[in-house]
Amino acid sequence: NQLVGKRPTRQVVQPEWHAPWKLMRVISGHLGWVRSIAVDSTNEWFATGSNDRTIKIWDLASGTLKLTLTGHISSIRALCVSDRHPYLFS
């Protein structure tokens with residue numbers, strides 16, 4: 001009976017956190033969850049990959065859709081924009 005003791009309860013203090021950014025806009029266009037995002041090194045455009053098996057290219061300044069790439073047989077889980085060559089890897 002004495003070997004089994006009660007553990008003291010500790011109160012976990014959660015700090016109050018405030019994001020250093022604000023929501024600028026919500027961009028919608030995919031039919032599935034967005035699983036990946038990659039920004040061009042020139043900061044002119046960015047790409048999103050989704051469970052709907054499409055990659056969408058967006059204008060970074062305005063948030064408008066520029067291009068939709070189709071043809072993947074499964075969801076896009078990763079994207080990478082090359083800094084040296086004009087390639088987008090998925």
All heavy atoms of Leu67 vs all of Leu69, minimum pair found to be CD2-CD2, 3.7 Å
Between Trp58 and Thr64, is a side-chain contact (heavy atoms from CB on, under 4.5 Å) present by the stated rule, with each step listed? CA-CA 6 Å; Trp58 306 85; Thr64 58; over 6 Å; no
Side chains of Leu88 and Ile55, heavy atoms from C-beta outward: is any pair under 4.5 Å? yes
Validation row: Ile27, Phe46 side chains within 4.5 angstrom (heavy atoms): yes
Is any side-chain heavy atom of Val81 closer than 4.5 Å to one of Ser41? no
Ile76 and Ser90 have their tightest heavy-atom pair at CG2-CB, 4.4 Å
Testing the basics here: between Leu31 and Asp52, what is the closest heavy-atom pair and its distance to 0.1 Å? N-OD2, 2.8 Å
Checking the side chain of Ser50 only, and the main-chain atoms of Trp33 only, is there a donor and an acceptor separated by less than 3.5 Å? yes
Are His72 and Ser74 side-chain neighbours, meaning at least one heavy-atom pair lies under 4.5 Å? no
Note, Glu44 side chain near Leu60 side chain (heavy atom, < 4.5 Å): no
Heavy atoms of other groups near Phe89 CZ, more than 12 under 6.0 Å: yes
Are the side chain of Ser75 and the backbone N or O of Arg77 linked by a donor-acceptor pair below 3.5 Å? no
Any side-chain heavy-atom pair of Thr70 and Arg53 under 4.5 Å: no
How long is the gap from CG on Asp83 to OG1 on Thr42, to the nearest 0.5 Å? 10.0 Å
Side chains of Thr68 and Lys56 only: does a donor on one sit below 3.5 Å from an acceptor on the other? yes
Tell me whether Asn51 contacts the main-chain N or O of Gly32 through its side chain, where contact means a donor paired with an acceptor under 3.5 Å. no
Which is it for Trp45 and Asp40 under the side chain to side chain donor-acceptor pair (under 3.5 Å) test, yes or no, and what are the steps along the way? CA-CA 6 Å; Trp45 57 270; Asp40 178 38; 3.1 Å; yes
